[in-house]
Amino acid sequence: MEELYLKEIELKDENDIVDYINEFVRNGSVINGLSGATSCKNFQEMYKKLQEMKNLKFASYNQEKSPGLTYMLIRKGDNKLVGSFNLRFNLTKSLDDNFAGHIGYSIRPSERRKGYASQGLKMILNICRERGMKYVRIGCYTENIGSKKVIIKNGGKLIAHSESLISDDYYEIEL
Ligand SMILES: CC(C)(COP(=O)(O)OP(=O)(O)OC[C@H]1O[C@@H](n2cnc3c(N)ncnc32)[C@H](O)[C@@H]1OP(=O)(O)O)[C@@H](O)C(=O)NCCC(=O)NCCS
């Protein structure tokens, strides 16, 4: 297995991030784990949004947003950006009710099915442990077999299922 590492997004990563996002667009793939980056006008706006998220204070379960960090998953051998992971430190009612959970992630289309998401989630869970978190929740559409396997391989247990708009599963991982 190739060695991977996580790093926070910096301003100098603009070209890599834009190239990464464009690959999803070209392939018609959904992108997760970039904290809603695709709704931003440009990289600068996205970067500002990530900094705001990082500096948010968590006051109560009923607040709208949770503080969190966004990581790039990089392959050590060639420093290629292969994936993105978004970690929210606290659950809010809105995240919980919508099965959004603590963690979102994507692997770029050309680098899928190499075990990268499984390995990346394992590293994110270690960060969660270091921060003293006791469990994480992750949502996943029932039809998303790849993501479901990634979660289960990392200890995920199904805690809820919804059929409201689209069939959706909610997992919890004890840390
Ligand atoms: C879901 C996703 C993150 C998986 O990334 P990945 O790096 O390909 O996952 P892994 O290589 O770690 O695969 C884990 C397992 O799932 C399997 N798998 C991966 N994609 C699959 C697919 N499309 N269909 C069936 N199985 C799949 C792998 O073969 C592997 O199985 P194994 O453990 O039996 O060997 C990636 O497809 C992606 O970015 N999708 C778009 C965004 C997304 O859905 N994010 C998750 C939101 S919950």
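First listed ligand is number 1; within each ligand, the first listed atom is number 1.
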Return yes or no for this condition: an N or O of Tyr105 is under 3.5 Å from an N or O of ligand 1. yes
Side chain or backbone, does Gly115 bring an N or O within less than 3.5 Å of an N or O on ligand 1? yes
Can you confirm, on distance only, whether ligand 1 has an N/O atom lying under 3.5 Å from any N/O atom belonging to Ile107? yes
Protein heavy atom at shortest distance from atom 7 (O) of ligand 1: Ala117 N, 3.0 Å
For atom 19 (C) of ligand 1, closest protein heavy-atom neighbour: Gly146 CA, 3.6 Å
Identify, for atom 47 (C) of ligand 1, the protein heavy atom at the shortest distance, and state residue, atom and that distance. Asn32 OD1, 3.6 Å
Measure the spacing between NZ of Lys153 and CD1 of Ile173 and express it to the nearest 0.5 Å. 13.0 Å
Looking at Val150, which atoms of ligand 1 are within less than 4.0 Å of one of its heavy atoms? 9 (O), 12 (O), 14 (C)
Which atoms of ligand 1 are found less than 4.0 Å from any heavy atom of Gly139? 48 (S)
Heavy-atom distance to atom 31 (O) of ligand 1: which of Lys153, Arg113, Lys149 wins? Lys149
Pair Lys157-Glu172, salt bridge (charged side-chain N to carboxylate O under 4.0 Å, His left out): steps then yes or no: CA-CA 5 Å; Lys157 302 269 182 287; Glu172 188 167 287; over 6 Å; no
Under-4.0 Å heavy-atom contact between protein and atom 3 (C) of ligand 1: yes
Asn144 to ligand 1: N or O pair under 3.5 Å? yes
Identify the protein heavy atom lying closest to atom 1 (C) of ligand 1, giving its residue, its atom name and the separation to 0.1 Å. Ser147 N, 3.7 Å
Taking distance alone, with N or O pairs closer than 3.5 Å, would you say Val30 contacts ligand 1? no
Give the residue and atom name of whichever protein heavy atom lies nearest to atom 37 (O) of ligand 1, and the separation in Å to one decimal. Arg112 CD, 3.3 Å
Run the salt-bridge test on Arg137 and Asp96 with the 4.0 Å N-O cut-off and return the result as yes or no. yes
Under 3.5 Å side-chain donor-acceptor pair for Ser162 and Asp168: no
For Glu143, does the CD atom have more than 12 heavy-atom neighbours from other residues, nucleotides or ligands under 6.0 Å away? no
Atom CZ in Phe24, atom OH in Tyr20: separation rounded to 0.5 Å? 3.5 Å
Roughly how far, to the nearest 0.5 Å, is CG of Asp16 from CG of Asp13? 6.0 Å
Any heavy atom of Gly104 sitting closer than 4.0 Å to ligand 1? no
Lys80/Glu111 salt bridge by N-O under 4.0 Å criterion: yes
Could you give the side-chain donor-acceptor pairs of residues 117-125 under 3.5 Å, partners two or more places apart or in another chain?
none

Phe85 ring center near Tyr105 ring center (under 6.0 Å): yes
Using a 4.0 Å cutoff against the non-hydrogen atoms of Ser118, which atoms of ligand 1 qualify? 10 (P), 12 (O), 14 (C)
Sub-4.0 Å atoms of ligand 1 with respect to non-hydrogen atoms of Lys114: 11 (O)
Regarding Lys48 and Glu52, does a basic nitrogen lie under 4.0 Å from an acidic carboxylate oxygen? yes
